[in-house]
Amino acid sequence: MATVPWEGPIPDLLRARLGASVLETSLYLDQPFAVLALPAMVPALELLRSEAGFDYLVDITAVDYPKRTPRFELVYVLYSYGRNERIRLKAGVALGEKAPSAVPVHLGANWLEREVYDMFGIEFAGHPDPRRILMPEEWAGFPLRKDYGIVEMDNRWVQANLGIESGQ
Amino acid sequence: MTALDSNEMVLNMGPQHPSTHGVLRIVLKLDGERVTSTDCIIGYLHRGVEKIAENRTYVQFAPYVDRMDYLAAVSNGLGYCLAVEKLMNAVATPRAQAVRVILTELNRIASHLLWLGTHALDIGAITPLFYTLREREAVLKIFENYCGARLTTHAFRIGGLQYELYDGFEKEVESFCGQFLAKVDEYEELLSGNRIWRERLRGVGVIDAETCKRYGVTGPVLRAAGVAWDLRKAQPYSGYEQYEFDVPTRTSGDTLDRYFVRLDEMRQSVRIIQQAVANIPTGPIMAKIAKVVKPPVGEAYVSIEAPKGELGYYIVSDGTTHPYRLRVRPPSFVNLQALGHMAQGALVADVVAIIGTIDIVLGEVDR
Amino acid sequence: MIKFLRSFLLLDLLEGLWVTFRHQSPSQIETEQYPSERPAVSERYRGAPRLNVHPETQETLCISCNLCAVACPENLIVVGSVRNPETKRKDLVTFTYDLSRCMFCGLCEDACPVDALELTQDFEIASYTREGLIWDRQALEEGPRPTQYRQ
């Protein structure tokens, strides 16, 4: 990925307040993003919201890289109504590691974090309602992980609840 | 299951309830007729679109995005094409951009029309449904003539368009626009002046601008709360900066205001279409891009103003013909989250009205 | 006072009713009497697939290049061919199209280099069985035959 360094008041603010937790600030295709250490994520969201006007949490999602350590990458997309700017924050999460929940900062994080948990199995510490959201509650497995096949399913659940041998 | 208060009653609404517009189930806790808490159970329509994307090529995945928000298939397709084009650093040709704008705005009208008809039906006004479906039919006929499908259109391709405009496209679009504004006035005559309609909707499901922002709510719901924010204005794409239009807003953020905002949006869409169709640039409809769509390693987030709010695509490419990860940021999913706030303390019958004006499509909520 | 009279005389409701009455004329009827009246679908309509044959020789136009099968997102096209030792070309033997999984996206007809595979204007493709939706070469060349009901 051919990135260029991202300079300006926002990376400066992040670096000044979070120090060594800011691992990278870059631009790719004119879209700025910052890579942070996981514990600094919620403080960064709070900082950006209160001091830089990033008051709209657009999206939380994750990407699974099975060969990397840490395995997952959490991606937060932020937007500021005042600045009309969009930035992305990213942080690595290891398998089994709990990410801090962003719900105290942005209410909208609630369902988005539930979806990340549902699809990737990344748990969020301090989440008010840590349940699955799209898959059935008793489902085993996390569908968007790379080791989960496209036709794979929880056969036990399918047999018990749908009364059929297989969903295929 | 938590213990119930003796005055509390649990009511299961859906997933087979006509006013939930799909398979949405809401567990309502009631104190008499008042809602004390809501719990949305979603996922009945989950098809794993994001997983499917990882197993398809970029070109092959394009038809699937139509099936998320199936009432605004063209908007979905536009967002997807723009995201992949961003990754490939390509831009559609001016002619393709103008046609895209016309079709997406027609789709916005069609989506709002269906919303208006079904929402009025939920409230108890049956007549508008027939009229809105009649006008929507005209839009769908234009889609059918242009690309051969009415609902899941697959109208755009990465880099531009597949189909050249058919003979008489401009004339058909212009005649639709010409008579449509009078039809919107007619809906107003039926509903806006009707005192039952006004009294029924005023002050129901109020959400203020600050709460909208905290929940990440976008689209007409946000604009009805007084925030004049529209991605077509804030961060124009596909040549929207060339067209003159207003962002309609209202102030009180209740169900009635959301109705007015959507009516005004239809009028603004007509304005955009009339400007765009008056001078469609000539030239090729497909940009010069590689035959095999293979974006370089990288990632991009691109979002557009869909009829329901901000629709975003976050794509991670690993340099192959398949997306490594494709994430859809659906407006309905995020907006539905605010239902709990809007329905707090409301009457059961109002929940129906509130679900109606958030304008969700379960295909997009569940993906 | 005017406001009171308006609400007393239910003028706002009558205004809406007047709209309804304006639409009572039979010239405004939009309903189509299907199946006795079939809708005219557009020229570009993407409906039932057809495998075109040469109008004079009745030979298939398909050159068994397999591009449609590769383009299909649902992998529902299977092309079977044998190499002809004389012409060194591939001759089409079987062509299976699983309509039950088709989403009529049109990518296969876009991919076809010789306009052999085409999505046509036929839309009456319902079948009583799942197997009935898996069309073989013969069905694809003949097209669907919907039941014709008497008026």
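The structure presented is a predicted model; accordingly, all values stated were derived computationally and were not measured. Letters A, B, ... are given to chains in the order of the sequence lines, protein chains preceding strands, and every chain is numbered from 1.
Neither the backbone nor the side chain of B/E137 comes within contact range of chain C, judged by heavy atoms closer than 4.5 Å. For B/F61, no part lies near chain C; criterion is any non-hydrogen pair under 4.5 Å. Neither the backbone nor the side chain of C/Q121 comes within contact range of chain B; no heavy atoms are under 4.5 Å apart. Proximity to chain C (any heavy atom under 4.5 Å) is shown, for B/Y166, by both the backbone and the side chain. Neither the backbone nor the side chain of C/A111 comes within contact range of chain B; no heavy atom of the residue lies under 4.5 Å from a heavy atom of that chain. Heavy atoms closer than 4.5 Å to chain C are found nowhere in B/T57, neither backbone nor side chain.
Top candidate by heavy-atom pairs under 4.5 Å with chain C, chosen from B/T152, B/N55, B/T153, is B/T153. When each of B/N145, B/L191, B/I196, B/I52 is scored by its heavy-atom pairs under 4.5 Å with chain C, the top score falls to B/N145.
For the pair C/R44 (side chain) and B/C147 (backbone), a donor-acceptor distance under 3.5 Å is absent. With hydrogens and angles ignored, the 3.5 Å screen pairs a side-chain donor or acceptor of B/Q60 with a backbone N or O of C/V70. Although no hydrogens or angles enter the test, the distance criterion places a donor-acceptor pair under 3.5 Å between the side chain of B/R67 and the main chain of C/M103.
A salt bridge does not link C/R46 with B/E144: none of the charged nitrogens is closer than 4.0 Å to a carboxylate oxygen.
Within 6.0 Å of NZ on B/K51 lie more than 12 heavy atoms contributed by other residues, nucleotides or ligands. Counting heavy atoms of neighbouring residues, nucleotides and ligands inside a 6.0 Å radius, atom CG of B/D167 does not exceed 12 of them. More than 12 heavy atoms of other residues, nucleotides or ligands sit less than 6.0 Å from atom CD of C/Q58.
Looking at B/R157 and C/L107, their side chains come closer than 4.5 Å, going by heavy atoms from C-beta outward.
In terms of heavy atoms, C/S42 sits closest to B/G148 at OG-CA, 4.5 Å.
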